[in-house]
Amino acid sequence: MSSPLAELDDAHVQQVRTRILDWYAANARKLPWREPETTAWGVLVSEVMLQQTQVARVWEPWLAWMQRWPGPADLAAAEAADVLIMWGRLGYPRRALRLHETAKAVVEKHDGQLPADPELLLQLPGIGEYTAAAVSSFAFGIPEVVIDTNVRRVHARIFTGVGAAAPSLTAAERQLARKLMPDTSTEQGVADANTWNVATMELGALICTARAPKCEECPVLAQCAWVAAGKPEPDVVAKTQSWNGSDRQVRGAIMGVLRAQGTVDVGRLRTTVEATGRLGRHIPESAQWDRAVTGLVDDGLAVLSEDVLTLP
DNA sequence: AAATCGGGGAT
DNA sequence: ATCCCAGATTT
């Protein structure tokens with residue numbers, strides 16, 4: 001099949017843009033980090049928390065976090081242990097450490113002001129291509145091309161006619177996303193481009209969902225190549241690693257104990273962690289305990305000293 | 001390109 | 001039970 005870019009028809013693209021922008025104007029969720037008084041730093045904190053964690057689970061932790069540490073200088077001055085405790089059960093606690101490091105870097109290298117330039121944002125720990133573009137666009141009004149999992153799926157369906165995007169972001173997807181951005185040569189165009197970013201994500205989150213898309217409510221149902229093709233099933237994706245018995249489950253259970261009591265004697269680690277019930281029926285071998293502890297220490301999430309494991 | 005890294009809501 | 005989630009980083 002020929003490249004989807006070859007088939008891109010300006011009138012079609014215009015219609016899709018208008019319909020999605022109109023849909024967003026009427027259907028955008030009211031999320032706390034979208035309130036006009038939210039600072040750029042607040043937007044960054046939300047984006048990091050939202051990396052692989054759903055909106056519903058981020059909502060309250062974000063509010064509590066911003067109340068405790070409103071700006072980068074506040075977070076930079078915090079103890080890593082408190083940062084990890086505050087991160088709570090959001091998952092992937094390395095994100096919390098990297099955000100802490102980013103706060104320090106903003107204070108030390110950027111005079112306490114989060115940079116707006118995506119190239120500078122990219123150099124900060126825990127900020128990758130998506131987050132840099134998202135912060136530039138949402139917090140600073142710079143019309144970067146924002147591509148997250150929602151955007152990829154929406155583009156794949158409407159313009160490529162497939163049910164799901166490829167496993168990892170391709171050059172063709174970047175090219176398509178760039179071509180779909182509203183023209184930014186006018187002030188209105190810049191505003192539209194920034195709204196287009198968030199609107200496409202919102203459509204993917206609320207209507208064009210991965211599992212059971214609500215096509216009957218979709219503003220671009222009539223423009224969708226996937227629908228036109230009869231909604232062919234996506235290729236089966238590789239099965240995700242099972243959670244029960246995984247190293248991640250063990251690491252998570254250990255972190256749970258450390259967040260709750262700050263420290264644990266390694267001789268009691270096994271009993272203490274198993275008593276939390278967070279491992280279910282899984283009884284790790286000693287090699288897995290070793291891997292988990294070593295991994296947490298290597299990642300800076302825990303410190304081992306005198307046979308005692310503690311938060312950093 | 002593939003593996004690793006949490007945790008829970010949704011189906 | 002399995003899928004999926006406003007990804008980033010390392011191998």
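Computation of the quantities below employed the complete heavy-atom set of this structure, encompassing side-chain atoms and omitting hydrogens, waters and symmetry-equivalent molecules. In the text below, chain A, chain B and the rest are named by the order of the sequence lines, each starting its count at 1.
- The residue A/T149 sits close only to the backbone: its heavy atoms come under 4.0 Å of sugar-phosphate atoms, none of a base.
- The residue A/G91 sits close to a base: some heavy atom pair falls under 4.0 Å.
- Considering only side-chain N and O atoms, A/T131 lies under 4.0 angstrom from the phosphate OP1 or OP2 of C/dA8.
- Using a cut-off of 4.0 Å between Lys/Arg side-chain N and Asp/Glu carboxylate O, A/R98 and A/E101 are scored as not salt-bridged.
- Under the 4.5 Å side-chain heavy-atom criterion for grouping Ile, Leu, Val, Met, Phe, Trp and Tyr, A/L90 is not connected to A/L296 through any hydrophobic cluster.
- Taking side-chain N and O atoms only, A/Q52 has a distance below 4.0 Å to OP1 or OP2 of C/dG7.
- Below the 3.5 angstrom threshold, one finds a donor paired with an acceptor across the side chain of A/R211 and the base of C/dC3.
- Using a 4.0 Å heavy-atom cutoff across all strands shown, A/R153 reaches sugar-phosphate atoms only and no base atom.
- Contact check on A/E274 versus A/R270 returns a salt bridge, with a Lys/Arg side-chain nitrogen under 4.0 Å from an Asp/Glu carboxylate oxygen.
- Residue contacts for A/W33: at a heavy-atom cut-off of 4.0 Å it reaches a base atom on one of the strands shown.
- A salt bridge is absent between A/D192 and A/R17; no separation between the charged side-chain nitrogens and carboxylate oxygens falls under 4.0 Å.
- Phosphate contact (OP1/OP2 of C/dT9, side-chain N/O of A/R95, threshold under 4.0 Å): absent.
- A/L90 comes within 4.0 angstrom of a base, heavy atoms only.
- Looking at A/R89, its side chain has no donor and acceptor atom pair within 3.5 Å of the base of B/dG8.
- One donor-acceptor pair, N or O on each side, does fall under 3.5 Å between the base of B/dG6 and the side chain of A/R248.
- A/E129 comes within 4.0 angstrom of the backbone, heavy atoms only, and of no base.
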